[in-house]
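The structure under discussion appears below in the form of structure tokens.
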Amino acid sequence: MTQSKDAAANAMWGGRFASGPDAIMTAINASIGFDQRMYAQDIAGSRAHAAMLAAQGIISDNDAKAIGEGLLTVLSEIEGGKFTFSTALEDIHLNVESRLTEIVGEAGKRLHTGRSRNDQVAVDFRLWVRDQCDAAIAGLTALMKAFLAQAEAGTDWVMPGFTHLQTAQPVTWGHHMLAYVEMFARDRSRFEDARKRMNECPLGAAALAGTSFPIDRHATAKALGFDRPTANSLDSVSDRDFALEFLSASSICAMHLSRFAEELVIWSSAQFRFVRLSDKWTTGSSIMPQKKNPDAAELLRAKLGRILGATVALFTIMKGLALTYSKDMQEDKEQTFDAADTLMLGLAAMTGMVSDMAANRDVLRMAAASGFSTATDLADWLVRRLGLPFRDAHHVTGTLVAIAEKAGIDLPDLTLAQMQAVHAGITAEVFEVLGVDNSVNSRVSYGGTAPLRVAEQVARWKAALG
Ligand code: ARG
């Protein structure tokens with residue numbers, strides 16, 4: 001970063017300024033430190049704009065050619081690390097345009113015809129966020145495939161299902177894994193949906209009111225891969241909904257990541273031992289040699305804090321802003337960049353961990369069979385076979401659970417005599433429903449945990465994900 005162009009009034013808009021800005025003014029005002037990240041989008045937008053200006057006869061073909069080639073030179077300078085970004089030139093837009101003019105001379109000064117930095121930043125940022133939607137969609141697809149592979153491997157592995165983190169009913173591993181496929185599928189559709197809505201081009205709205213030059217906004221929209229130009233110039237330069245939608249979808253997605261991260265932390269603990277994470281996804285302790293810490297899962301549990309923070313920040317920035325552009329809106333970028341980086345890293349890390357984790361099937365099965373997990377099956381049997389009203393069946397079962405708990409045994413370990421003492425009608429057939437396999441096999445309702453249903457869902461997702 002250099003201050004060399006700082007000496008006098010700004011070369012780009014200094015006509016009515018007698019002196020340059022205070023150094024602190026420059027420091028608070030400049031965005032080049034972070035918005036240089038949008039260099040490729042800025043150059044793509046400018047190339048589309050220049051080509052359109054020439055096609056409309058607003059600038060000459062020669063000027064457009066010089067601009068187009070000059071911008072490619074700027075691009076390669078930036079990508080080759082040879083470009084000197086200047087704080088005095090405020091932002092990526094002025095940095096690129098100034099360097100372009102150094103390279104191609106007069107023609108460079110014609111680039112800004114019929115355009116403003118207000119529509120320029122709107123199009124740059126939209127292109128950048130659109131790319132991030134694509135990255136999120138790809139990252140989520142990979143993650144869904146990782147969960148799906150786990151589901152397919154363990155369609156009928158039995159594990160405890162929880163409510164309140166208390167053993168509730170036996171479920172299948174495949175069923176639990178597919179719960180996350182559903183969650184991340186909703187996330188993916190949110191990014192797809194947001195992408196569709198944001199795919200309108202604000203370029204050509206100019207400062208706020210449009211322009212008197214005979215520009216062709218449909219042409220620039222098409223060149224930049226948008227479905228159409230935005231329809232209201234005031235809205236075009238003041239809208240940041242696309243970033244808010246991206247951040248909102250990212251927050252929900254990060255919340256989902258944090259939920260599986262928490263399960264991984266619990267499941268990989270010595271007390272649970274439901275899964276093992278390999279050395280690739282754990283760290284050791286500097287003092288306790290036995291430790292294998294699930295740091296990546298813990299970090300993923302925390303990352304929502306940053307992403308949600310960025311979301312709240314942008315809502316707060318946009319709240320109450322009168323139309324149209326205000327400099328407040330320059331604060332839209334840094335945290336969106338950070339949130340996007342955090343999300344993409346999080347998706348990749350979670351995909352790695354899900355692919356890596358190995359379920360301890362025996363431990364899962366033992367845990368599924370303890371904690372009176374088939375108590376509901378017993379109550380349902382009393383309803384089905386003895387015709388008890390469910391509320392009464394619940395009471396009988398509760399009494400049996402209390403007896404078993406007191407004796408330090410599980411439900412299948414009670415004798416028939418002990419059961420009949422609570423309800424005379426109970427027969428030996430009841431023992432068939434107290435096993436965990438019978439329990440999961442019986443839950444065949446649509447969306448239920450029976451391996452049969454889970455296999456159908458695995459097949460559906462395999463067809464959908466390829
Ligand atoms: N750096 C500015 C931003 O990020 C670009 C737009 C500046 N527009 C203006 N009228 N000063 O918002």
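In each ligand, atom 1 is the first atom listed, and ligand 1 is the first ligand listed. Positions are given from 1, in the same order as the sequence printed here.
- Judged by the 6.0 Å distance and 45° axis criteria, Arg37 is positioned over the aromatic ring of Phe337.
- For ligand 1, the 4.0 Å heavy-atom shell contains residues Ser31, Asp35, Asp91, His93, Arg117, Asn118, Val121, Tyr325, Gln330, Lys333.
- The pair Glu69-Lys65 meets the salt-bridge criterion, since a charged nitrogen lies less than 4.0 angstrom from a carboxylate oxygen.
- Under the 30°/60° scheme for interplanar angles, the aromatic rings of His256 and Phe184 are found to stand perpendicular.
- Scanning all heavy atoms of the two residues, the minimum distance from Pro170 to Val436 falls at CG-CG1, 3.9 Å.
- Because its NZ or CZ atom is both nearer than 6.0 Å to the ring centre of Phe226 and within 45° of the ring axis, Arg130 counts as a cation-pi partner of that residue.
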Taking distance alone, no hydrogens or angles, what donor-acceptor pairs closer than 3.5 Å link side-chain atoms of residues 457-466 to residues at least two apart or in another chain?
{"unit_1": "Gln457", "atom_1": "OE1", "unit_2": "Arg460", "atom_2": "NE", "d": "2.9"}
{"unit_1": "Gln457", "atom_1": "OE1", "unit_2": "Arg460", "atom_2": "NH2", "d": "2.9"}
{"unit_1": "Arg460", "atom_1": "NH2", "unit_2": "Glu182", "atom_2": "OE2", "d": "2.9"}
{"unit_1": "Trp461", "atom_1": "NE1", "unit_2": "Glu182", "atom_2": "OE2", "d": "3.2"}
{"unit_1": "Lys462", "atom_1": "NZ", "unit_2": "Glu152", "atom_2": "OE1", "d": "3.4"}
{"unit_1": "Lys462", "atom_1": "NZ", "unit_2": "Glu152", "atom_2": "OE2", "d": "2.8"}

